Amino acid sequence: MRPLLLLLLPSLCCALPVAAQRDTVSRTVSRTVAIERVDIAGFRPLKRTGMQSTEIDSLVLRETISSSLADVLSSGSTIFIKSYGRATLSTASFRGTAPSHTQVTWNGMKVNSPMLGQVDFSLIPAYLVDDATLYHGASSVAVTGGGLGGAVALDNRPLDEQGFALRFVQGVGSFTTFDEFLRASYGGRRWSGSTRLLYSTSRNDFRYHNYHSKALVTDDDGRVVGSYVPLERNRNGGFGDLHLMQELYRTGERGGRLSLAAWYLDSNRGLPMTSADRNASKRKKEEQDERTLRVGAGCERLAGGLKLSARGGYTYTDLRYRRLHDPDGSGELRGLTQARRRRPARLAKAPAGY
């Protein structure tokens, strides 16, 4: 009798899980409800047929609040950004083309330099951009002309929240770097506006090994017994950037909208000395000062299934390069023109009868 019980016990243990599984399947089938088919359809405007564009996620723009647009495009897109570091020249290459073949617009207004035709993306903070769209190749004709490689469209939009809002962010970094971000906004039923302020300063005096130079080690007799790569500090690399943007929107009763945006830039950047420069004194300095004002206004209205829009803009840029030096060793740096004015030429008197 015992051998028979031992044989039946494993069979019962295997049957219990199978019965429990069948009970679970039957209850799951009984709870399944058949729903009707759902069709999802999307409509694409005719003007976007054959267009290749990429929209930068707004979350990427918000996460990189302390970075420039060059950092956003290099990490969040396929564009090649050639950059020499923070607060230095950063240009874009669309599909292998030159930087001047990439057109950049801000609220429909071109921001390319009229002198060089390119854009320094390090001067465009991500904090001032709400939407960024990339148009590849010939798709750039939808926003502007002249973009052989493509175009980058930057836009601002009013806030969706109602009421007053105030936001302040501060960042502190190494090499005496300070970043301040301030935004005050108001959203109403008809009127809305926003004021953004950004101020960044840094000495940018990091230390590095200069492999383009070599320091010699000599003995007491003046003979060279060795050499090493010197550790130097970056000079003239400090910068200070001030950005102020004011936006104003009014929404009409029939769906029309008036917009006004102004962007002021005041930048002072030092041009770092090259690693091959053998001048060990601090009696010369090169700077680049830029003051730019961009103002754009727009009007949109929907009537009878048609959309009418008009835009206008004004741009003023004052770009100056200054080379300061100390010719007399007084410790005061001044420009070449200023130094020449302070040191007038002396004319020697010619001898009589000459």
Side-chain angles (χ1 to χ4, degrees), residues 56 61 68-70 72-73 79 81 83 87-94 97-135 140-158 181 183 193-200 239-250 257-269 271 287-300 309-322:
I56 303 297
L61 296 174
S68 64
L69 192 61
V72 175
L73 294 178
I79 301 180
I81 301 294
S83 176
T88 56
L89 181 63
S90 300
T91 56
S93 177
F94 237 121
T97 57
S100 59
H101 295 153
T102 300
Q103 301 298 317
V104 183
T105 62
W106 172 67
N107 293 333
M109 182 173 58
K110 294 180 64 173
V111 298
N112 291 67
S113 172
M115 181 173 57
L116 302 177
Q118 63 185 14
V119 174
D120 186 2
F121 286 91
S122 65
L123 290 174
I124 305 179
Y127 184 66
L128 303 181
V129 179
D130 294 328
D131 293 324
T133 307
L134 311 180
Y135 295 90
S140 61
V141 298
V143 290
T144 184
L148 181 61
V152 181
L154 310 176
D155 296 289
N156 297 114
R157 65 174 185 272
F181 308 89
R183 181 174 184 178
S194 174
T195 301
R196 311 187 201 191
L197 177 64
L198 187 152
Y199 184 60
S200 300
F239 63 88
D241 294 341
L242 172 65
H243 296 266
L244 178 61
M245 179 177 291
Q246 178 64 51
E247 304 169 63
L248 185 63
Y249 304 93
R250 184 186 185 279
R257 173 177 293 179
L258 298 176
S259 61
L260 177 64
W263 177 11
Y264 175 72
L265 163 66
D266 189 350
S267 174
N268 176 264
R269 296 183 173 184
L271 303 181
E287 294 180 346
Q288 176 179 309
D289 295 340
E290 180 178 354
R291 294 175 178 85
T292 301
L293 174 63
R294 300 183 179 96
V295 180
C299 176
E300 298 180 357
S309 62
R311 291 183 179 181
Y314 171 78
T315 302
Y316 171 80
T317 300
D318 183 11
L319 180 61
R320 299 187 181 186
Y321 164 80
R322 297 189 304 171

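From a predicted model like this one, the values you see are computed outputs, not experimental measurements.
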Please list every donor-acceptor pair under 3.5 Å in which a side-chain atom of residues 257-266 meets a protein atom from a residue at least two apart or in another chain.
{"residue": "Trp263", "atom": "NE1", "partner": "His243", "partner atom": "ND1", "Å": "3.3"}

Given Thr88 and Leu271, is the side-chain contact (heavy atoms from CB on, under 4.5 Å) satisfied, shown in steps? CA-CA 8 Å; Thr88 56; Leu271 303 181; over 6 Å; no

If you round to the nearest 0.5 Å, how far is CD1 of Ile56 from CG of Asp131? 11.0 Å

Side chains of Arg250 and Leu248, heavy atoms from C-beta outward: is any pair under 4.5 Å? no

For a 4.5 angstrom cut-off between non-hydrogen side-chain atoms, does Val295 reach Thr315? no

Side chain to side chain donor-acceptor pair (under 3.5 Å) against Arg311, all qualifying residues, sequence neighbours excluded: none

Kindly determine whether Leu242 and Leu197 satisfy side-chain contact (heavy atoms from CB on, under 4.5 Å), including the steps that lead there. CA-CA 8 Å; Leu242 172 65; Leu197 177 64; 3.6 Å; yes

Taking atom CG of Asn268 and atom CG of Asp289, what is their separation to the nearest 0.5 Å? 4.5 Å

First locate atom CG of Leu319, then atom CZ of Arg291, and finally report the distance between them rounded to the nearest 0.5 Å. 10.5 Å

Shortest non-hydrogen contact between Val143 and Tyr135, atoms and distance: CG1-CE1, 3.7 Å

Side chain proximity check, Glu290 to Leu123, heavy atoms < 4.5 angstrom: yes

Is any side-chain heavy atom of Asp120 less than 4.5 Å from a side-chain heavy atom of Ser90? yes

Closest contact, heavy atoms only, Gly108 versus Asp155: N-OD1, 4.4 Å

Heavy atoms, side chains only, cut-off 4.5 Å: are Val152 and Thr105 in contact? no

Closest non-hydrogen contact found for Glu300 with Ser309 is CG-CB, 3.9 Å

Find the distance between NZ (Lys110) and OG1 (Thr144) and round it off to the nearest 0.5 Å. 4.5 Å

Quick check: closest heavy atoms across Ser140 and Gly150, and the distance to 0.1 Å? CB-C, 3.8 Å

Compare every heavy atom of Ala132 with every heavy atom of Leu154, then report the nearest pair and how far apart it is. CD2-CB, 3.9 Å

Student check: side-chain heavy atoms of Gln103 and Asn112 closer than 4.5 Å: yes

Quiz question: by atom type and distance under 3.5 Å, do the side chains of Ser267 and Asp241 form a donor-acceptor pair? yes

Can you check side-chain contact (heavy atoms from CB on, under 4.5 Å) on Arg269 and Glu287, steps first, answer last? CA-CA 6 Å; Arg269 296 183 173 184; Glu287 294 180 346; over 6 Å; no

Hydrogens and angles aside, do Asn156 and Trp106 bring a side-chain donor and acceptor to less than 3.5 Å of each other? yes

Salt bridge (charged side-chain N to carboxylate O under 4.0 Å, His left out) between Asp318 and Arg320, intermediate numbers included: CA-CA 7 Å; Asp318 183 11; Arg320 299 187 181 186; 3.2 Å; yes

How many angstroms lie between OG in Ser68 and CZ in Phe121, if you round to the nearest 0.5 Å? 10.0 Å

Under the 3.5 angstrom rule, does the side chain of Arg196 hit a backbone N or O of Tyr127 as a donor-acceptor pair? yes

Quick one: does any side-chain atom of Ser93 pair with a main-chain N or O of Thr97 as donor and acceptor, under 3.5 Å? yes

With heavy-atom distances below 4.5 Å as the criterion, would you say the side chains of Val129 and Ile124 are in contact? yes

How long is the span from the OH atom in Tyr316 to the CG atom in Leu293, to the nearest 0.5 Å? 9.5 Å

Could you check Thr102, Val104, Leu89 and say which one makes a side-chain contact (heavy atoms from CB on, under 4.5 Å) with Gln118? Leu89

